[in-house]
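Data block below; observations after.
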Amino acid sequence: MAHQAHAFHMVDPSPWPLTGAIAALLLTSGLAMWFHFGSTMLMNLGLIIMILTMIQWWRDIVRESTFQGHHTTPVQKGLRYGMILFITSEVLFFFGFFWAFYNSSLAPTPELGEYWPPTGVIPLDPFEVPLLNTAVLLASGVTVTWAHHSIMVGNRKEAIQSLFLTVMLGLYFTVLQATEYYETSFAIADGVYGSTFFVATGFHGLHVIIGSIFLLICLLRQINFHFTSDHHFGFEAAAWYWHFVDVVWLFLYVSIYWWGS
């Protein structure tokens with residue numbers, strides 16, 4: 001930061017937003033091609049470009065923050081505001097799904113038999129896999145808080161152990177949800193119940209996968225001595241995101257699995 005008189009970060013020109021946008025276009029187009037024509041070429045190409053973009057963009061940000069010292073206190077403050085606004089937008093994103101679910105379930109139409117769940121739909125037992133998934137996510141919330149405390153007090157070994165446990169719990173949740181989807185007696189095409197169930201829980205599952213990747217990167221950074229007790233916003237952002245995922249699951253469990261069944 002010696003070459004400038006202010007504490008703000010003027011971002012260097014980067015190709016990664018452009019390659020990320022191209023990857024997103026190829027992924028969405030490729031998914032449509034896969035669904036309608038059975039071709040996965042475009043989707044695989046988009047996935048490869050997305051992974052390469054993520055790796056190189058994260059590399060640049062780690063270099064800017066950890067080795068070049070660009071993430072000063074004012075820059076970190078801006079990043080915090082950005083993360084708060086992002087999580088707020090995610091809350092509103094899920095609010096739309098809950099609105100759709102309650103709009104359909106509180107006043108079932110004659111087409112649904114004026115009954116909820118609709119006649120013919122056998123909902124999942126909320127006290128089997130969904131309850132186990134709830135326990136897994138709540139446990140991961142405890143381990144990520146343990147990791148945060150360990151980083152703040154400079155206990156590197158416990159921070160690595162707790163972050164590893166959190167990532168494993170996130171992956172376990174994903175495996176459980178995949179097996180649950182495999183065993184359901186209804187599909188996303190089975191009326192408003194199927195669509196609201198799979199879209200809401202599916203997007204939450206996607207957020208768990210994203211959060212697990214986020215925390216895995218933090219684990220690798222912790223192993224490489226990137227975090228200090230007073231400079232670890234990358235981890236804090238991941239922890240905020242994970243707690244958000246936890247809270248959304250609690251609302252999903254109570255609304256869709258328990259009350260909705």
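No experiment lies behind these values; they were computed from the predicted model shown. Residue numbers count from 1 along this sequence.
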Under the side chain to side chain contact (heavy atoms under 4.5 Å, CB included) test, which residues partner Pro118, sequence neighbours left out? Leu112, Trp116, Val121, Tyr193
Strictly under 6.0 Å, is that where the ring centroids of Phe67 and His226 end up? yes
Side chain to side chain contact (heavy atoms under 4.5 Å, CB included) between Thr145 and His243, worked out: CA-CA 9 Å; Thr145 304; His243 287 309; 3.4 Å; yes
Name all residues meeting the salt bridge (charged side-chain N to carboxylate O under 4.0 Å, His left out) criterion together with Arg59; count only those two or more places apart in sequence or in a different chain, and write none if there are none. none
Taking every heavy atom of His231 against every heavy atom of Ser65, the minimum-distance pair comes out as NE2-O, 3.8 Å
Tell me if a side-chain donor or acceptor on Arg80 pairs with a main-chain N or O of Val75 at a distance below 3.5 Å. no
Does Leu85 CG have over 12 foreign heavy atoms under 6.0 Å away? yes
Name the orientation class of the two ring planes belonging to Phe98 and Tyr102 (parallel below 30°, tilted from 30 to 60°, perpendicular beyond 60°). parallel
Does the separation of the ring centres of Phe233 and Trp240 fall below 6.0 angstrom? yes
On a heavy-atom basis, the closest approach of Val245 and Val208 is CG1-CG2, 3.5 Å
To the nearest 0.5 Å, what is the distance between NE2 on His207 and CZ on Phe203? 8.0 Å
Residue of the set Leu137, Val167, Leu132 for which side chain to side chain contact (heavy atoms under 4.5 Å, CB included) holds with Tyr172: Leu132
Are Ile217 and Ile210 co-members of a hydrophobic cluster defined by side-chain heavy atoms under 4.5 Å apart? no
State, without any angle test, whether Ser140 and Trp242 hold a side-chain donor-acceptor pair at a distance under 3.5 Å. yes
Kindly say whether Leu165 contributes a backbone atom to a donor-acceptor pair with the side chain of Thr143 at under 3.5 angstrom? no
Point-to-point distance, once rounded to the nearest 0.5 Å, from OG of Ser255 to CG of Leu250: 10.5 Å
May I ask you to check whether over 12 heavy atoms, not counting those of Met152, lie within 6.0 Å of atom CE? no
We want to know whether Glu158 and Trp146 form a side-chain donor-acceptor pair, criterion being a heavy-atom distance below 3.5 angstrom. yes
Check this for me: Trp99, atom CH2, are more than 12 non-hydrogen atoms of other residues, nucleotides or ligands nearer than 6.0 Å? no
Please give me the minimum heavy-atom distance between Ala200 and Leu252, naming the atom from each residue. CB-CD2, 3.8 Å
Quick one: pull up OG in Ser89 and CD1 in Ile84 and give me the separation to the nearest 0.5 Å. 12.5 Å
Does any part of the side chain of Pro130, heavy atoms only, come nearer than 4.5 Å to the side chain of Tyr253, both counted from C-beta? yes
Kindly give the cluster partners of Ile22, where membership spreads through any ILVMFWY side chain lying under 4.5 Å from a current member. Leu18, Leu26, Met33, Phe37, Leu42, Leu45, Ile49
Can you tell me how the ring of His232 sits relative to the ring of His148, calling it parallel under 30°, perpendicular over 60° and tilted otherwise? perpendicular
Can you classify the ring geometry of Tyr181 versus Phe198 as parallel (below 30°), tilted (30 to 60°) or perpendicular (above 60°)? perpendicular
For Ala187, is there any backbone N or O sitting under 3.5 Å from a side-chain donor or acceptor partner on Asp190? yes
Please find the pair of heavy atoms, one from Ala159 and one from Gln222, that lie closest to each other, and give the distance. CB-NE2, 3.6 Å
Is the backbone N or O of Met43 less than 3.5 Å from a side-chain atom of Thr40, with the two atoms forming a donor-acceptor pair by type? no
Going by the ring pair (Phe, Tyr, Trp, His ring centres under 6.0 Å) test, name the single residue among Phe95, Phe101, Phe93 that passes it with Phe97. Phe93
As an exercise, state the distance from CG of Asn103 to CG of Leu106, rounded to the nearest 0.5 Å. 8.0 Å
If two hydrophobic side chains count as joined below 4.5 Å and joins carry through other members, does Phe244 share a cluster with Ile213? no
Using the rule that Ile, Leu, Val, Met, Phe, Trp and Tyr join whenever any side-chain heavy atoms are under 4.5 Å apart, tell me whether Val248 and Leu138 fall into a single cluster. no
Side-chain (Ser261) to main-chain (Trp258) donor-acceptor, under 3.5 angstrom: yes
Is Met168 atom CE crowded by more than 12 heavy atoms from other residues, nucleotides or ligands, each under 6.0 Å away? yes
Phe235 and Arg221: side chain to side chain contact (heavy atoms under 4.5 Å, CB included), yes or no, with the steps? CA-CA 9 Å; Phe235 169 77; Arg221 292 191 65 192; over 6 Å; no
Less than 4.5 Å apart, side chain to side chain, heavy atoms only: is that true for Leu31 and Trp34? yes
Looking at Phe225, is Arg156 sitting on its ring face, NZ or CZ under 6.0 Å from the six-membered ring centre and within 45 degrees of the normal? yes
Atom pair CG (Leu92) and OG1 (Thr88), whose distance is rounded to the nearest 0.5 Å: 7.0 Å
Which of these passes ring pair (Phe, Tyr, Trp, His ring centres under 6.0 Å) with Tyr257: Trp249, Phe251, Phe127? Trp249
Transitively linked via ILVMFWY side-chain contacts under 4.5 Å: Leu169 with Leu206? yes
Shortest non-hydrogen pair, Leu47 vs Leu27, comes out as N-CD2, 3.8 Å
Sidechain-backbone polar pair: Gln76 side chain, His71 backbone, donor-acceptor under 3.5 Å: yes
Go through Phe197 and Phe186 one step at a time and tell me if the ring pair (Phe, Tyr, Trp, His ring centres under 6.0 Å) criterion holds. CA-CA 10 Å; Phe197 175 87; Phe186 54 91; 5.2 Å; yes
Would you name the heavy atoms of Val192 and Ser195 that are closest together and state the gap between them? O-OG, 3.1 Å
Nearest-0.5 Å distance, CD1 of residue Ile151 to OG of residue Ser162: 7.0 Å
Do Ile48 and Ile51 sit in one hydrophobic cluster, given that two such residues count as connected whenever their side-chain heavy atoms are within less than 4.5 Å of each other, even indirectly? no
Can you check whether His204 and Phe173 have ring centres sitting under 6.0 Å from each other? yes
